[in-house]
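Have a look at the structure below before the remarks.
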Amino acid sequence: MKKQVSAIKGTKDILPRDVEKWQSVETAAKRIFELYGYREIRTPVFEATELFEKGTGQTSDIVIKEMYTFPDKAGRSLTLRPEYTPSVVRSIIENRLYLQPESLRFYYIGPMFRYDKPQKGRYRQFHQLDIEVFGEEDPAIDAEIVEMAHYLLQELQVTGTETFVNSVGCKKCRPAYLKDLKTEAKKAEESLCSNCQRKMATNPLRIFDCKVETCKKLAQKFPKITDYLCQECEQHFARFCEHLDFFEIEYTIEPRLVRGIDYYTKTTFEVASSKLGAQDAIIGGGRYDDMMKEFGGPDLCGIGFAMGMERLISAVPFTQMKEKFLYLAYMGDGAKRAGMELVRLLRREGIECLIEYREQSLKSQMSRANKLGAAWVLIIGEEEVKKGRYQLKDMETGDQEERTREEIMKIFGEIS
RNA sequence: GUGGGUGUAGCUCAACUGGUUAGAGCACCGGACUGUGGAUCCGGAGGUUGGGGGUUCGAGACCCCUCACUCACCCCA
């Protein structure tokens, strides 16, 4: 192999055959989100670094080791967004959107950037489909966004998914829980694996995720967040679950479900697919009641989720059906002109037409048309130009008929 | 950041414990068929075996380094 410039590690070209899939997922998502009253918002791909330091959180792995951060020419520190939520919150505050009568429900589709080590289902530039709702405290909205996610998955015919829900408490009740959890973990410290010993200090909730058998066993006896929730959080969680039951959504309460982002409060949830590898979460989200206020905005709660496009797409079964199109085969300059003119009119009628402008024998033009899957071939040579009658061939049946321009326009006028 | 696996034609893969000029299928181009696709047959083009170094009479294979891809850990969509 010659040395050549290649795509950056962890990034991928989305080629035409795949773009089709992307577009169909995007179209379905937009349609459904709009049905629920969401509107699209687009924010810049890069922001001031401090936005994520404050929003995503100084202690999150994302901020500590996964951000694409660089100085611009004026020396400002910028960051390619690793997630979307802080950007929307900034935009709402900056544009005073909370003073408008429109409901604060937004969706967004676009690239995110994280300096992770790539593996199956994880890329450095990846794409998310996000939705966010602000100012809705009622746990009914928590359940509604899960229901909306389920509806989208159903529309995309994604099967084999499992939904996990949890509550991570709030600023009032979580500290007490973490303290007790650490105390319990400390007691078992010597039996825990080295990894978990490290997590004890940094993120004790993560101990629940360990795959080592002895850790798993010990963790079963550790306190659960659900036993420590304050009255408000406990009620919120109970009513959230009630609403999920009301929507007849199957879910598993997973006390060890912790989103690795600092800002979550109360509800967190995740949808995992059995069709993926180790990175099996296709949707992750939760409530973040304090972020808006912490950014100096109004005291508005928020909730949202993100879907990983790459992961979602690999779980969607696609059946491809090609659009029918016409291939123009011509021989000689006169035929080329006549063909170009006719094809131009056909395109105005909504018929997809392809002419390839290269010197080829009729045989190879026919062969091309067949390979590309053309439904019809329009054949024009010197004789056809003289007569004003062209050969129209149906590639499936092999039938070929001589037609005038008017007849051809009429035939395709009826098809389209 | 840590570990494992894999790098041979555009794609999928061969090449016995190291041994002539690195092969095949599919795809591509052309011909059999001078203006008619798919099937068949015939032919053609396509490779510094990821890169560099080493061992050897001889390396695609063995050793070292490096790069890329990939899977997993950590974490996350």
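Letters A, B, ... are given to chains in the order of the sequence lines, protein chains preceding strands, and every chain is numbered from 1.
- The strand RNA chain B forms stems, runs of 3 or more Watson-Crick or G-U wobble pairs with distances below 3.5 Å, at B:1-7 with B:67-73, B:10-13 with B:23-26, B:28-32 with B:40-44, B:50-54 with B:62-66.
- Contacts of A:Lys387 classified as side chain to side chain donor-acceptor pair (under 3.5 Å), with partners at least two apart in sequence or in another chain: A:Glu402.
- In this entry the distance linking OH of A:Tyr123 with P of B:C71 reads 7 Å, nearest Å.
- A donor atom on one side chain and an acceptor atom on the other are not found under 3.5 Å apart for A:Thr163 and A:Glu270.
- Taking atom CG of A:Leu392 as the reference point, atom C1' of B:G35 lies 16 Å away to the nearest angstrom.
- The distance from atom CZ of A:Arg124 to atom P of B:C75 is 18 Å, rounded to the nearest whole Å.
- Look at OH on A:Tyr84: it is 15 Å from C1' on B:A77, rounded to the nearest Å.
- Within residues 394-409 of chain A, the residues that have a heavy atom under 4.0 Å from RNA chain B are, in order of number, A:Met395, A:Gly398, A:Gln400.
- Rounded to whole Å, atom C1' of B:U36 lies 14 Å from atom CD of A:Gln360.
- Between the C1' atoms of B:C16 and B:G50, the separation comes to 26 Å (whole Å).
- Between the side chain of A:Lys120 and the base of B:U70, no donor-acceptor pair of N or O atoms lies under 3.5 Å.
- Residues A:Trp376 and A:Phe412 bring their aromatic ring centres within 6.0 Å.
- A donor and an acceptor atom never sit less than 3.5 Å apart when one is taken from the side chain of A:Arg114 and the other from the base of B:C75.
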